[in-house]
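Accompanying notes for the structure given below.
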Amino acid sequence: MAGFLGRLRPVVTTRPVAHQVFALQVVIVLLLALAAAAALVLQARADTEREARNRALAVARTFSQAPGVRGALAAENPSAELQPWAEAARRASEVDFIVVMTPQGIRHTHPNPAQIGRHYIGTIGPAAEGGTVRETVTGTLGPSTRAVVPVTGPDGTVVGLVSAGITLERVSETANHQVPLLLSAAGVALGLSVLGTGLVSRRLRQQTHGLEPAEMTRMYEHHDAVLHAVREGVLIVDGDGRLALANDEARRLLDLPADAEGRAVSAVGVDPGLARLLAEGRSATDEVYVARGRLLAVSQRPTDRDGGPSGAVVTLRDTTELQALAGRADVARQRLRLLYDAGLRIGSRLDVVHTSQELADFAVPRFADYVAVDLAEPVLRGEEPSQGDPELRRVAFRGVRDDIPFLPLGELIRFSPATPQGAGFRSGRPVLEPGMADFGGWHEPDPERARRVVESGIHSMITVPLRARGVVLGVASFYRARKPEPFEEDDVALGEELVARAAVSIDNARRYTREHVLAATLQRSLLPRALPEQNALDVAHRYLPAQAGRGGVGGDWFDVIPLPGARVALVVGDVVGHGLHAAATMGRLRTAVHNFSTLDLPPDELLWHMDDLVTRIDQDESGEVETAPVTGATCLYVVYDPSTRWCTLARAGHLQPAVVHPDGRVRFVDVPAGPPLGLGGLPFESAALRLPPGSSLVLYTDGLVEDRHRDIDEGLDLLLRALTGSAGAPEEACDAVLRAMLPERPRDDVALLIARTRALDAGHTAAWDVPSDPSAVAAVRSAVTRTMAGWGLEEEAFVTELIVSELVTNAVRHASPPIRVRLIRDRTLICEVSDGSSTSPHLRRAATTDEGGRGLFLVARFAERWGTRYTANGKVIWTEQPLPDGRRAGGR
């Protein structure tokens with residue numbers, strides 16, 4: 001038993017107190033229930049045996065005294081008379097046997113007739129002498145409790161004996177019939193006891209929170225330690241107004257005596273107002289009372305609201321000590337909020353001046369009454385400031401009043417080292433000027449203005465350098481006027497944090513400005529700075545770069561290229577992407593178009609060469625992972641001939657051009673759509689149309705018609721409406737189109753080219769068909785001389801006659817007919833000799849002994865330019881000669 005309890009003890013002691021109490025109570029109740037059940041069973045058995053003995057005695061006596069028994073015993077055959085009576089009596093009395101016998105114990109009756117005549121088993125001596133026998137004996141029917149009584153005659157002699165008995169088996173059955181009832185009662189009692197124990201344990205668990213005894217002890221020790229360690233006074237007052245508990249902080253705040261616990265609160269020296277609150281026991285929250293010269297915030301809660309004992313719990317806080325802490329915490333919270341808001345509101349745009357103004361606008365009046373921001377001059381250009389004397393330009397200012405005589409915006413200021421601005425810019429550290437009225441150097445470079453500033457009420461200043469990535473970009477000056485207290489060191493730290501956030505944004509804007517200027521400079525250098533002089537077209541153009549958020553520059557481009565024969569090529573293209581790479585790629589493509597145009601190729605063939613070039617460029621740059629491909633660039637190439645008014649067009653993935661007729665009608669030109677440059681595999685096709693003089697060709701990029709708020713079809717319809725009726729000057733037409741088509745800040749580059757056609761009249765051209773005969777050369781020279789005289793170009797006639805003579809002679813000798821000569825008087829004098837051969841002439845230098853071979857050499861020496869152009873039926877050799885300004889022709 002001791003070993004079992006020893007093993008049980010660790011299990012029990014590791015359980016919470018409520019669980020231990022519950023387990024012990026259940027065990028006790030179970031043992032009591034088992035003991036009670038056993039006692040009840042034993043008592044039932046004892047009562048049953050006693051009742052059996054009493055019944056046996058009563059039955060025996062009753063039968064012995066029954067009438068006729070005495071006479072039957074004296075009869076000749078007693079068994080015959082007594083056996084039926086005995087069995088009837090046995091069944092009626094519910095005993096197991098009634099035996100009538102002689103005084104010597106010979107049976108006359110027995111439930112088993114076979115036992116009649118045999119000797120009785122049991123004690124009969126006392127009964128034979130007139131007494132009574134009560135015993136438990138094992139007889140023929142098994143163990144039984146029985147009684148033996150005498151049957152006396154009239155003279156008192158014993159004439160027979162009567163025994164009645166009940167077997168112990170029947171006694172057990174009777175007792176066993178009571179056991180279920182007893183056990184049920186015991187079970188009900190056990191259940192009620194366990195339920196009551198459970199309720200008690202639950203209440204105990206609620207009170208102890210399911211803790212073990214060691215934990216309760218430790219918790220009590222901890223609570224006691226915490227109670228006396230907190231910086232808040234705690235009092236417990238009972239229902240009689242006596243102080244039940246006071247922690248160390250409460251004793252300190254109220255200066256309580258050592259024996260205060262157990263005494264009435266009014267008798268421990270508590271101030272009357274507080275003592276009255278404690279005596280009343282009412283609820284209170286942060287009510288302020290003066291106690292021992294301290295300002296206490298008192299909170300009180302009654303303890304009897306949830307069935308607890310009467311009384312109250314009181315907490316005391318010393319607000320005289322917390323007030324300073326709360327003030328400092330509030331200041332810190334305000335400063336953190338200020339810095340957080342500054343991060344949200346400063347730096348919304350990548351613009352140096354705008355960001356500086358955001359700093360000034362934010363700081364007034366939250367941090368200062370006046371703020372001025374001065375930046376180094378190179379910063380405004382996107383460069384880093386140089387070392388040396390700071391020349392700062394005032395870029396931002398904000399104040400609570402506008403009549404203070406500060407230096408104006410845009411002023412270039414040279415701060416000396418004696419000024420806070422100069423010292424801060426050179427050292428990179430903030431400078432505090434708590435008393436500006438002392439004029440300790442800050443008044444330079446304008447003492448008179450400084451005196452008026454002080455007279456206006458400004459008395460304190462902080463200058464903080466704008467420092468980012470180790471570079472000082474400028475200074476921010478904060479002034480205080482309305483608050484009488486000067487700036488302190490804490491304000492300097494806050495100003496540094498505020499300026500540091502703005503300085504990063506300003507530096508980002510500076511770096512963006514530098515990159516944007518570089519990209520814009522590159523793009524401007526790659527785009528046409530001025531349109532070339534020519535008489536074929538009256539051209540107006542517009543180029544708008546993308547908004548700053550999309551890179552500032554892009555790959556849209558345009559060009560106007562004079563061609564031989566007074567013709568002009570118009571080009572518009574678009575490179576995918578934005579930024580420096582797109583601009584550089586645009587420059588490469590524009591240069592390529594210029595180079596290919598010098599070959600005087602048809603538009604479709606020129607685009608074929610461009611496509612091949614773009615493919616090679618992408619292949620050469622395929623190893624550069626960060627380089628965007630050129631594939632996908634688009635181009636529209638148009639050639640206009642003012643002498644014939646024919647316009648030839650071809651496009652590579654570009655939008656169709658529009659034509660505005662002189663009567664105001666507008667339509668898109670149906671130019672076969674070729675693939676974008678670089679895709680390859682598909683041919684380019686050209687279209688040709690003849691335009692009346694005064695028609696306008698409109699070339700544009702997709703940025704003009706595409707927008708996120710509309711699809712391209714809507715944009716094209718809008719372009720047609722904007723061009724309708726715009727048959728006036730191209731400049732006016734460009735302005736009208738841009739006003740109608742573009743939002744305030746376009747998301748993509750826009751290139752627009754509007755060219756109004758002109759035509760050369762017959763008086764400025766002359767042409768002759770030449771027979772394939774050397775003798776015809778003289779006639780052509782004479783005709784050229786007469787034409788030159790008619791144009792007033794007698795001085796140029798000799799050279800022209802020489803050029804025509806050499807070219808016609810070569811055509812007659814080496815080419816095939818038809819041969820034709822044409823003179824065009826334009827800004828230059830153009831001479832064209834066409835033939836039916838595709839063989840290109842070759843310029844060579846003849847030796848001194850050669851008889852010929854000097855014709856093209858002379859042509860190249862006397863002409864400003866010359867070249868060969870191939871046609872569908874042969875070739876054209878052309879030359880250009882300069883003309884004086886007064887003798888040039890104009891188009892119409």
Side-chain angles (χ1 to χ4, degrees), residues 16-18 20-21 200-334:
V17 173
Q20 294 183 27
V21 173
V200 173
S201 299
R202 180 182 178 185
R203 179 64 177 174
L204 182 60
R205 185 168 61 252
Q206 292 176 349
Q207 295 296 326
T208 61
H209 300 285
L211 300 175
E212 300 177 11
E215 292 177 338
M216 291 186 63
T217 302
R218 186 165 58 252
M219 181 183 68
Y220 173 78
E221 294 173 351
H222 290 175
H223 286 189
D224 186 67
V226 171
L227 180 67
H228 294 287
V230 295
R231 294 297 305 274
E232 192 171 83
V234 178
L235 301 175
I236 298 180
V237 182
D238 61 19
D240 298 330
R242 297 181 179 275
L243 187 61
L245 182 144
N247 69 344
D248 294 342
E249 182 68 8
R251 291 178 179 274
R252 184 183 71 85
L253 295 176
L254 299 178
D255 195 17
L256 297 176
D259 60 347
E261 294 180 354
R263 299 170 57 184
V265 293
S266 59
V268 294
V270 179
D271 290 341
L274 180 57
R276 184 163 49 253
L277 173 65
L278 301 180
E280 293 175 356
R282 61 179 176 81
S283 296
T285 302
D286 291 338
E287 294 187 7
V288 180
Y289 292 87
V290 178
R292 297 293 189 271
R294 300 176 182 273
L295 199 61
L296 302 181
V298 182
S299 298
Q300 181 171 265
R301 293 292 182 272
T303 59
D304 57 356
R305 291 186 299 177
D306 298 326
S310 60
V313 176
V314 184
T315 58
L316 311 170
R317 294 199 314 275
D318 188 359
T319 60
T320 56
E321 297 178 358
L322 294 177
Q323 186 173 7
L325 294 176
R328 288 196 293 270
D330 184 63
V331 171
R333 184 171 58 254
Q334 292 178 0

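Residue numbers count from 1 along this sequence.
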Roughly how far apart are E261 CD and D238 CG, rounded to 0.5 Å? 11.5 Å

Within the side chain of N247, is there an N or O that forms a donor-acceptor pair under 3.5 Å with the backbone of G233? no

Let me see the working for V314 and V298 under side-chain contact (heavy atoms from CB on, under 4.5 Å), right down to the final yes or no. CA-CA 7 Å; V314 184; V298 182; 3.6 Å; yes

Just how far is it from atom CG of L256 to atom CG of D248, taken to the nearest 0.5 Å? 10.5 Å

Does the side-chain contact (heavy atoms from CB on, under 4.5 Å) test come out yes or no for V234 and L316, once each step is laid out? CA-CA 6 Å; V234 178; L316 311 170; over 6 Å; no

Any donor-acceptor pair under 3.5 Å linking the side-chain atoms of T285 with those of R301? yes

So how far is it from Q300 CD to R282 CZ, rounded to the nearest 0.5 Å? 7.5 Å

Separation of I236 CD1 from L243 CG (nearest 0.5 Å): 9.0 Å

